[in-house]
Structure formats: C-alpha cells, structure tokens
There are 2 protein chains.
Amino acid sequence: MKRLLTKILSRYLGDEKPMKIPEKSCKKYRKSGLTREQAATIREKIQLALEEDHLYRNNALGLDDLADHIQHNRYKVSQVINTYFSKNFYSFLNEYRIQEAKILLEKDPELSVKVIMYEVGFNSKNSFYSSFKKVTGLSPNDYRNIVGYEYDVQMA
Amino acid sequence: MKRLLTKILSRYLGDEKPMKIPEKSCKKYRKSGLTREQAATIREKIQLALEEDHLYRNNALGLDDLADHIQHNRYKVSQVINTYFSKNFYSFLNEYRIQEAKILLEKDPELSVKVIMYEVGFNSKNSFYSSFKKVTGLSPNDYRNIVGYEYDVQMA
DNA sequence: AAAGGTAGGGCGGTGAGAGGCCTTACTTCT
DNA sequence: AGAAGTAAGGCCTCTCACCGCCCTACCTTT
C-alpha cells in the first residue's frame, strides 16, 4: 500500500487534465480549404459519434470508419482531430476508451481488467496498459486501488 | 480535312497502347504489408468494379469510394493501382471513361460530345478534353471524324 | 453563339516516414 | 498457477508535405 501512496504523490497529483484549447490553430486551417464553420461542424459530429454512438468500442475502428460514419472527407476529419484537439487519431480515440475503462474500474470491482479492456475497444493487454498509463499515469489495477482508497478517505 | 490528316500522321500512328506489365514491382510490395496474393485479389476486384459495375460512370468517384466498394484499405488499393498498372488513380479511372467515350463517339454520331462526357463520368469539359487527348492524342471531335474517315477508307 | 481549347485555385492522391497496435515471450506479484 | 505488467519487433495506419488532377472562368475558333 505504501508503494501505491508514493505513486500517488509522484504522479497522480495535479492530474486535473489540462484540456488545452488550441489558440493559434486558425493559421493551419488556411492551409487547406477547411473553413472554420465546417471544422466546427465536423468537430461536433466527431464528438457525437464517440460520445453518443460509442464508436470507440469497435476494436477495429479506423479513421476511414469514423469519416464514413459522419459522412465527411477523411482528410478533413484527420485535420480537425489534429488541429482542434492537438492529438493524432489514435490518441484521441484511446482517451475515450480509457475514460470508460476508468469508470468501469471504479464502478464494478468484480470486472477483470481483461474484460474491461475488450469492453472499451482494445484488443491486446499491451496496448491497453500503455495507453492507460499514458493517460492516467497508473496501471489499471493501481488506478482501481487508488480510486478506492481516495473514496475511503473522502468517506472518513 | 488536311489538318486532320497531319494530325493522324503526327500523333495517331503506332498508337496500339503499349499496356506494359510491370516487371520489377516486387520490391515495392515489400515496403508495405501487402503480399502478392493480396495484391492480385485486390487487382481483380478493382477490375471487376470498373468493368462489371461500371463504377467509373459515377462522376464523383474517388479512391475512398473504390476502396469502400471492394472492401479494402485505401492505401493498398492505391498501391496496387500505382505499382500494378503503373498509373495513378485518376489516370487509371479515366482510361475506362475514355474507352467508353470512344465507343460512343463511333457508334452514335448524333450524341453530342457534352452528353457523352457526362455519360462516361466526367463533370467538366476541360477534364474530358485533356484526358481524351492524353489517351488518344486527339480531341473528341477529331477522333470522331478520323474514325469515320478511316472507316470510309476501309469500305472503299 | 456554341463548341473547342487554355490558364489559376482548391481538393484529393501520392510517397516517405513516424508512431501505434498486436503478437510473442518473459518477469513479478498474489 | 494465474493474473497483472513489461519489453522487443513486425506490421499497419496515420501524418505531413508535395505534386497532380479536376473544376471554374475566361479566350479562341468555327
């Protein structure tokens, strides 16, 4: 348990997700024929596709599939993700997966890590672990334990 | 008419379409994860899509649509066209269009060039003319006249 | 005036390279 | 022993910058 606490101190503090909005992305838009309005539309559709339709649960989802789903050109979809969210496609996609994984880890302690991994759209342990660590700074089980611990603290 | 004859002499002679098969394309295949068997499969599907389904008549056809139609990754489809047929997507596509245009020009002298152009999948004069010239060496009307002329000669 | 033909701008395709995913195999922890 | 986590390597997808084609609009020819 001490080990976990040191992990909290070293990595989990101040982890409130910067979620930085790009400020000088307008210049980039000029490079291709993508208007700001169109970019905003595409952005919303992308978010709907993931948040409402949970496309990320499809473990074979690719950029083409997403572009298909929202009926927009793949180049533009890629560009919007890159410039607006400052991420590449997979990083963007996986954050949704990890987000759901975190919820499942907290909500249902009986679910194995493996089951959760498949549930949220990953196919392999390794991908899941590395993505999870990249986002949260912790491995899935550590995260589960720490969230449980913090929950206890708040109760006390 | 003299002008047409000089055009025949200068550009139309020996126009029997080389149709060169690529010989050293194996090297390129190694670069990506595309096996020769897969490439052959994709190649056949591409040809079926165009020759049987006449996809080229769709005036908005893009690489993505073709890839969708035959259910293969767009990069692989592109690679097969590039390496196997030694052409880029549009050149490849347009040869099918021009091929049908030539037939229509010969078969039905009443059809206007514009109608034929739309019929075979082009949207603009310019694209049609330049593509047609690239393939046949002549403009559509010249081609029609020359073919008619040669036909008359053969009759005589 | 209508058909044939020619020049710029934007979208789409291309190719090389980076980075992520997946597989296999190994180590650690319970 | 089984589940969790890590590491290395191959394959595949995405990305970025560039190039080429298609389209709009304007001349030229008949």
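Numbered from 1 within each chain, the chains take letters A, B, ... in sequence-line order.
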Restricting to nitrogen or oxygen on both sides, can you table the protein-nucleotides 23-26 of chain C pairs closer than 3.5 Å?
| unit_1 | atom_1 | unit_2 | atom_2 | d |
| --- | --- | --- | --- | --- |
| dT23(C) | O4 | N126(A) | ND2 | 3.1 |

TODO: Give the rounded distance in Å between these two atoms: CG of L138(B) and P of dG4(C).
DONE: 13 Å

TODO: Return yes if some donor-acceptor pair links the side-chain N/O of D53(B) with the main-chain N/O of L55(B) below 3.5 Å, else return no.
DONE: no

Task: Residue-phosphate contact under 4.0 Å: N141(A) side-chain N/O, dA3(D) OP1/OP2 - done: no

- [ ] Could you state the atom-to-atom distance from OH of Y129(A) to P of dC21(C) in whole Å?
- [x] 15 Å

Task: Interatomic distance, D142(A) CG vs dC29(C) P [rounded to whole Å] - done: 12 Å

Task: N/O donor-acceptor pair under 3.5 Å between S131(B) side chain and F128(B) backbone - done: no

Task: Per P140(A) side chain, nearest of listed nucleotides dG5(D), dT15(D), dT13(D) - done: dG5(D)

TODO: Between dG20(C), dA3(C), dA4(D), spot the one nearest the side chain of N94(A), thanks.
DONE: dG20(C)

Task: Minimum-distance nucleotide to N88(A) side chain [options: dG12(C), dC21(D), dG19(C)] - done: dG19(C)

Open item on the list: Side chain of N82(A) only, heavy atoms from C-beta on: which candidate in dC21(D), dG4(C), dT15(D) is closest?
Closed with: dT15(D)

Task: Parallel, tilted or perpendicular: rings of F132(B) and Y143(B) (30°, 60°) - done: perpendicular

TODO: Kindly indicate whether the side chain of L66(B), heavy atoms from C-beta on, has any atom under 4.5 Å from the side chain of I81(B).
DONE: yes

TODO: Determine the contact category for S78(A): base if any of its heavy atoms lies under 4.0 Å from a base atom, sugar-phosphate if only primed atoms, P, OP1 or OP2 are that close, otherwise nothing.
DONE: sugar-phosphate

Task: Heavy-atom pair with the smallest gap, counting every atom of L105(A) and P140(A) - done: CD1-O, 3.8 Å

Open item on the list: Can a donor-acceptor pair be found, under 3.5 Å and without considering hydrogens, that links the side chain of N59(B) to the backbone of F122(B)?
Closed with: no

TODO: Give the rounded distance in Å between these two atoms: NZ of K76(B) and P of dC11(D).
DONE: 12 Å

Task: Below 4.0 Å: OP1/OP2 of dT6(D) and any side-chain N or O of S130(A) - done: no

- [ ] Rounded off to whole Å, could you give me the CZ-to-C1' distance for the R97(A) and dG20(C) pair?
- [x] 11 Å

Task: Rounded distance [0.5 Å steps], CD1 in I46(A) versus NZ in K76(A) - done: 12.5 Å

Open item on the list: Expressed as a whole number of angstroms, how long is the span from L93(A):CG to dC14(D):P?
Closed with: 10 Å

Open item on the list: Within the 4.0 Å heavy-atom criterion, would you say Y75(A) contacts the bases, only the backbone, or no part of the nucleic acid?
Closed with: base

Task: Separation of dG5(D) C1' from F132(A) CZ (nearest whole Å) - done: 13 Å

Open item on the list: From CZ of F85(A) over to P of dC14(D), roughly how many Å is that when rounded to an integer?
Closed with: 17 Å

Task: Main-chain N/O of D108(A) paired to R144(A) side chain as donor or acceptor, under 3.5 Å - done: yes

Task: K114(A) side-chain N/O to S112(A) backbone N/O, donor-acceptor pair under 3.5 Å - done: no

Open item on the list: In the structure I gave you, are the side-chain heavy atoms of L63(B) and Y90(B) within less than 4.5 Å of one another anywhere?
Closed with: no

Open item on the list: At less than 4.0 Å, is any side-chain N or O atom of K134(A) found next to OP1 or OP2 of dG20(C)? Yes or no.
Closed with: yes

Open item on the list: Please compare Y90(B) and R74(A) by the position of their nearest nucleotide in DNA chain D and report the one closer to 5'.
Closed with: R74(A)

- [ ] Using heavy atoms and a sub-4.0 Å distance, could you list which residues of residues 51-68 of chain B are near DNA chain D? By number, please.
- [x] none

